[in-house]
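Proteins get letters first, then strands, A, B, ... in listed order; numbering begins at 1 in each.
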There are 2 protein chains.
Amino acid sequence: MSTKGVLLQHVDNKPLREKILDTLREAIVSGDFKPGHPLLENDLAAQLGVSRAPLREAFQILASEGLVETIPYKGTIVRHLSRQDIEELYTLRCVLEQFAIRRVIAAGHIEDVATLRGIYEEMLAAAVQGNLKAVNEIDRHFHDTLIALSQHHLLTETWSTVTLRVRQVMALRNRRNSDLTQIAYNHVPIIEAVARGSESEAMDLIEKHVVTSLDLIVELWDDGAEASTEETAP
Amino acid sequence: MSTKGVLLQHVDNKPLREKILDTLREAIVSGDFKPGHPLLENDLAAQLGVSRAPLREAFQILASEGLVETIPYKGTIVRHLSRQDIEELYTLRCVLEQFAIRRVIAAGHIEDVATLRGIYEEMLAAAVQGNLKAVNEIDRHFHDTLIALSQHHLLTETWSTVTLRVRQVMALRNRRNSDLTQIAYNHVPIIEAVARGSESEAMDLIEKHVVTSLDLIVELWDDGAEASTEETAP
DNA sequence: CGTTTGTCTACTGTCGACAATTGACGTATA
DNA sequence: TATACGTCAATTGTCGACAGTAGACAAACG
């Protein structure tokens, strides 16, 4: 007989490398670990209370994601972010998002639009409350959802590594965007273009959306000292 | 005094994980290790004459590249390739290549076109000699070069993992394409579209180029048994 | 019988110890 | 004094041994 009705949480038996990975990834994309920051294996292992083996396995994954850089026999550091890196990040992001939208429009599921509208409502609510952090999270969620709706796993995977680094850039950015409701409003034309199925219009809007964010960041990006951790807005 | 004039090879002191990585990657994309093939750590370590630590580090990278799949406490296998996977591979590939071409055209360096023409000449030469393997390699080189000319590192990185898996698909494909010169000819209109700077035309050509290859493969792809290793053509 | 529980085994996960490499610093030598 | 050459400490790379897990199969139980 099985233990009916009683529902229990799964005990957490993820391998250490995955827990370590989550921890380090968060530290990097949140800007806690700044570009150039050395990741010493002994120190980190001691700090996290693990041995170096799973730590090193996590390093390989972080390196594949482009978050860190390992030079053999020298060490691993958080990757530097040049102006060019950021431009590449945003231009590729744009291409991926445009591709996703084309697929969403082509699929033509009306409920997709409803999903996006729902997220927009949340974002607007958070914006009028002046909750910057929430707006940021919901904005990320909006774009992640757009990608997910494309029903393209490979795209989704590629997207997730790109956005990780975009998050990092935003966390390191040295100025804060203020007009939260405007950020929310910006999403309306995109949703409506998808709703109407007007592909070329949606393409232009995404491009503008992304290029604007890029300009805001690159404008005053200091290639030498990528730093200053404040909450910033998309 | 330095040892003038005498030029010596660098001794190979790459970390083991990288050598292992190259070996395993080649085995997978060449179709030697077929989808579903289990990668047992003890066996492989013994076979390669290394310990499990660097082997496992290589596994993490292969997993990030989408070539293998690791299930915690169960094991690592070469990833299965469903029809949908292949479709996603080729559609994303198409998007990336289109993006690259847009950038090459926008940059407008005349020498880029010359580079591409040069590679085409090589391909044609190999084709008339009926050298299937060479045509395949040069075809890959053509597309890799196109990406490289875009001067977009992030795109280049993304591309390289996608094409790895495309190579794998071609290696596993169960029929051989015969008309080699036709394959070479197919590249002419693309080069000329780039030369004339006609973006929309180039976009269409790439799309057709890729969709055709995709159809040829998906047409008779057996989702159950991804197999039969023969040389195949693009 | 069918279900549960114990046991065994092949494998992955983790650890601590040791080897190899690097770069810095000091030292000899012309 | 400038160049080459030991030497050393810090760090990464590699290894072998042990711990933990999942799945299969057998034994106990109703």
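Distance L55(A) CG to dG16(C) P: 13 Å, rounded to the nearest Å. If you measure from atom CD of E41(B) to atom C1' of dG16(D), you get 14 Å, rounded to the nearest angstrom. If you measure from atom CG of L16(A) to atom C1' of dG20(D), you get 12 Å, rounded to the nearest angstrom. Between the NE2 atom of H10(A) and the P atom of dT21(D) there is a distance of 14 Å, given to the nearest Å. Remark: C1' of dT12(D) and CD of E57(B) are 10 Å apart, rounded to the nearest angstrom. Separating the CG atom of D12(A) from the C1' atom of dT21(D) is a distance of 14 Å, rounded to the nearest angstrom. Regarding Q60(B), its CD atom lies at a distance of 8 Å from the P atom of dG13(C), rounded to whole Å. Atom pair E18(B):CD and dT12(D):C1' shows a separation of 13 Å (rounding to whole Å applied).
The closest side-chain donor-acceptor pair between T115(B) and D112(B), if any, does not fall under 3.5 angstrom. For the residue pair D139(A)/H187(A), the side-chain donor-acceptor check at 3.5 Å is satisfied. For the 3.5 Å distance criterion, the side chains of S82(A) and D85(A) qualify, holding a donor opposite an acceptor.
Taking only side-chain nitrogens and oxygens, S51(A) comes nearer than 4.0 Å to OP1 or OP2 of dC15(C).
Residues D22(B) and K19(B) are not paired through a salt bridge, judged by the lack of any N-O separation under 4.0 Å between the basic side chain and the carboxylate. The residues E26(B) and R167(B) are annotated as salt-bridged, a charged nitrogen and a carboxylate oxygen being separated by less than 4.0 angstrom.
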*For the pair H152(B) and T91(A), evaluate side-chain hydrogen bond (donor to acceptor under 3.5 Å, both in side chains) and give the outcome as yes or no after the intermediate values.*
CA-CA 10 Å; H152(B) 194 299; T91(A) 50; 2.9 Å; yes
*Using a cut-off of 4.0 Å between protein heavy atoms and nucleotide atoms, how would you tag nucleotides 17-24 of chain C 5' to 3' with B, S and -?*
B---SSS-
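In this structure, of dC11(C), dC15(D), dT11(D), it is dC15(D) that holds the atom nearest to the side chain of V50(B).
By the neighbour-count criterion of 12 heavy atoms within 6.0 Å, atom NZ of K74(B) is sparsely surrounded, having that number or fewer from other residues, nucleotides or ligands.
At a threshold of 4.0 angstrom between heavy atoms, the contacts of L39(B) are confined to the sugar-phosphate backbone, with no base atom among them.
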